[in-house]
Amino acid sequence: MSATTGTHSLFFYIKETLRQAWPILISAWAGIAFGVLDTTMVGHASAADLQAMALSVSIYLTVFIGLMGVVHALIPIIGQHFGARQAERVGYIWGQGVWLSLGLAGVGSIALFFPDLWLMFSGTIEPDVRDRITWYLRMLIIALPASLLFRTIYCLGTAVSRPKIVMTINLASVGFKALFNWVFIFGKFGMPALGAVGAGLSSAIVSWMTVVIGLWVITHDPFFKPFKIRLVRPDWTELKSLLRLGIPMGGSYLVEVCAFTFMALLVAREGMFVTGGHQIMANLAALCYMLPMAIGIASASLTAQAIGAQAPQRALLTGRAGLAVVLMGATLTVGMVIVFRDLIVSAYTDDAQVTAVAVSLLKILPLFLFCDAMQCIMTYLLRAYKVAVVPLIMQVVALTVFGLVGGWLLGFGPWKGLLQPLLTIVMPNAPIGAGSLWFMAALGLGLSAILLKFWYGRVVRQYQNQFKH
């Protein structure tokens with residue numbers, strides 16, 4: 001169970017990164033499948049249910065991903081202990097992560113209990129839709145503790161290079177999610193037809209199933225036995241250490257997801273067809289993001305192991321391998337989006353007006369995806385070195401101030417229309433609001449990537465210098 005020691009060629013570390021990244025990617029796609037199942041199945045219930053689910057999911061993901069980012073502080077911390085061959089510390093820190101996740105679930109539940117605070121950004125919402133949103137989120141409040149607990153298992157498996165465990169559980173859960181959706185959304189086996197609320201209830205059931213299975217695996221698999229997986233009373237010193245790293249990490253996650261959430265809420269002002277086109281763009285961007293995210297998590301865990309083993313050259317080469325793989329992946333993704341753009345849109349919708357909006361917005365997607373991939377890998381590599389505060393500040397400036405606020409000013413606010421001449425060239429026929437938001441978001445991600453690359457170089461040089469004296 002010891003971490004790999006020694007130094008190899010860059011190609012070796014590229015293979016190691018790919019070996020660890022692909023199960024993480026499959027796990028992420030399985031999570032996306034939950035959203036696809038909800039959207040396609042609820043879409044057959046009613047238009048009101050579909051709108052309720054779309055808005056509810058935006059709210060829930062904002063809360064969940066921010067809290068998940070805090071829990072993900074376990075990855076570099078456990079990774080470094082694993083690299084240093086401190087097996088019992090791995091199990092002890094995981095137990096503290098459980099307490100952290102339960103506390104965060106309480107905070108998140110409060111945020112989800114008051115949907116009106118979120119919906120005030122979306123203008124007028126029909127009372128029937130608002131009521132469905134409220135009950136959908138109540139179901140997700142039940143799911144939240146289990147979802148965050150499962151992230152501790154995810155972090156443990158990832159940090160010790162055993163990501164296939166979570167991948168297997170996630171893949172199996174997709175089948176149960178489809179079954180329970182069918183039962184609760186459409187009212188099968190004597191159950192009432194709950195529509196969007198039924199999708200939320202099925203998510204709650206499946207979330208608790210996965211966490212129970214995950215706990216059984218890590219307490220019975222011989223590989224995890226040396227870690228002495230256990231839950232002891234809260235250790236406030238360790239919890240503070242987790243929060244010091246986790247809060248800025250969660251802030252970074254929140255900055256990214258909030259951009260999408262508030263974009264969706266703002267674009268709703270431009271009507272149903274623009275919202276539909278924007279949703280296709282957002283769904284594609286999220287789907288494509290899974291690749292650099294998986295590579296980033298794999299690179300961060302492997303780099304953290306090298307840091308824990310005090311192997312600076314291995315840490316350096318692992319980071320370079322992650323960058324190389326992300327560049328290759330981003331290039332491949334961008335090429336596929338350009339070649340298959342029309343085919344992709346037709347798979348989402350048959351509506352001519354929604355298609356027109358989506359096609360116009362997708363012209364900026366290649367730039368968006370490339371910039372997003374680069375800022376993603378930089379963020380994860382910095383986390384391996386337990387550096388999160390400065391990256392958060394950089395992301396707030398680049399993504400929130402420059403990207404989101406700038407997009408609002410130019411698309412909906414007092415400077416509305418100033419970007420129109422440029423959008424006509426870059427994104428012809430794009431709605432001014434949605435087009436401005438996506439254009440500025442792409443530029444914001446590019447700025448974030450440049451700033452983070454500069455800071456990563458500085459951190460790596462400082463770490464390497466510690467071993468030269």
Side-chain angles (χ1 to χ4, degrees), residues 27-40 42 50-72 101 104-105 107-115 117-119 121-122 132-151 154 170 173-174 177 181 196-197 199-204 206-207 210 249-268 275 278-290 292-294 297 372 376 379 395 399-400 403-404 437 441:
S27 293
W29 280 346
I32 290 285
F34 274 44
V36 173
L37 284 171
D38 282 351
T39 301
T40 54
V42 169
L50 187 58
Q51 184 183 16
M53 194 206 66
L55 292 171
S56 299
V57 168
S58 293
I59 295 169
Y60 176 75
L61 287 179
T62 303
V63 174
F64 173 71
I65 291 179
L67 299 178
M68 180 190 78
V70 180
V71 177
H72 276 201
S101 68
L104 293 172
V107 175
S109 297
I110 295 171
L112 295 174
F113 199 77
F114 301 100
L117 295 176
W118 301 85
L119 295 176
F121 294 97
S122 294
R132 295 176 199 218
I133 290 171
T134 298
W135 283 104
Y136 185 97
L137 291 178
R138 298 282 165 83
M139 294 298 105
L140 294 182
I141 287 173
I142 299 172
L144 185 60
S147 298
L148 289 174
L149 278 171
F150 190 70
R151 295 317 290 189
Y154 172 92
N170 278 343
S173 69
V174 173
K177 171 65 174 169
N181 265 13
V197 178
L201 177 58
S202 72
S203 292
V206 173
S207 294
T210 56
M249 281 179 60
S252 291
Y253 278 81
L254 198 59
V255 165
E256 294 183 46
V257 75
C258 273
F260 279 103
T261 300
F262 285 102
M263 281 171 71
L265 295 172
L266 287 169
V267 168
T275 299
H278 163 82
Q279 187 61 35
I280 292 171
M281 175 80 162
N283 188 266
L284 267 175
L287 187 62
C288 294
Y289 179 76
M290 296 300 105
M293 183 197 73
I297 292 173
D372 199 17
C376 175
T379 302
Q395 288 176 311
L399 303 184
T400 303
L404 184 61
L437 282 171

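Just so we're clear, the structure is a prediction, and the values are computed from it rather than from any experiment.
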Any side-chain heavy atom of Leu254 within less than 4.5 Å of one from Val63? no
When you compare the side chain of Leu67 with that of Tyr253, does any pair of heavy atoms fall below 4.5 Å? no
For [X], which residues count as a side-chain contact (heavy atoms from CB on, under 4.5 Å) partner, sequence neighbours excluded?
| X | answer |
| --- | --- |
| Thr379 | Gln375, Arg383, Gln395, Leu452 |
| Trp135 | Asp131, Arg138, Val197 |
| Leu37 | Met41, Val174, Lys177, Ala178, Asn181 |
| Leu201 | Met139, Phe184, Leu194, Ile205 |

For a quick test of reading the model, state the closest non-hydrogen atom pair linking [X] to [Y] and the distance between them.
| X | Y | result |
| --- | --- | --- |
| Ala199 | Tyr136 | CB-CE1, 4.0 Å |
| Val206 | Ser173 | CG1-CB, 3.7 Å |
| Gly69 | Met249 | O-CB, 3.5 Å |

Show me, pair by pair, the donor-acceptor contacts under 3.5 angstrom made by side chains of residues 140-151, not counting sequence neighbours?
| residue | atom | partner | partner atom | Å |
| --- | --- | --- | --- | --- |
| Ser147 | OG | Ala143 | O | 3.1 |
| Ser147 | OG | Ser207 | OG | 3.4 |
| Arg151 | NE | His72 | NE2 | 3.4 |
| Arg151 | NH2 | His72 | NE2 | 3.2 |

If I take atom [atom1] from residue [X] and atom [atom2] from residue [Y], how far apart are they, to the nearest 0.5 angstrom?
| X | Y | atom1 | atom2 | result |
| --- | --- | --- | --- | --- |
| Leu287 | Trp29 | CG | CH2 | 7.0 Å |
| Thr134 | Leu112 | OG1 | CG | 11.5 Å |
| Glu256 | Met293 | CD | CE | 10.5 Å |
| Thr210 | Asn170 | OG1 | CG | 7.0 Å |

Just jot down the salt bridge (charged side-chain N to carboxylate O under 4.0 Å, His left out) partners of Arg132, sequence neighbours excluded, or say none. Asp49, Asp128
As a test of understanding, state which of Ile65, Val71, Val70 forms a side-chain contact (heavy atoms from CB on, under 4.5 Å) with Met68. Ile65
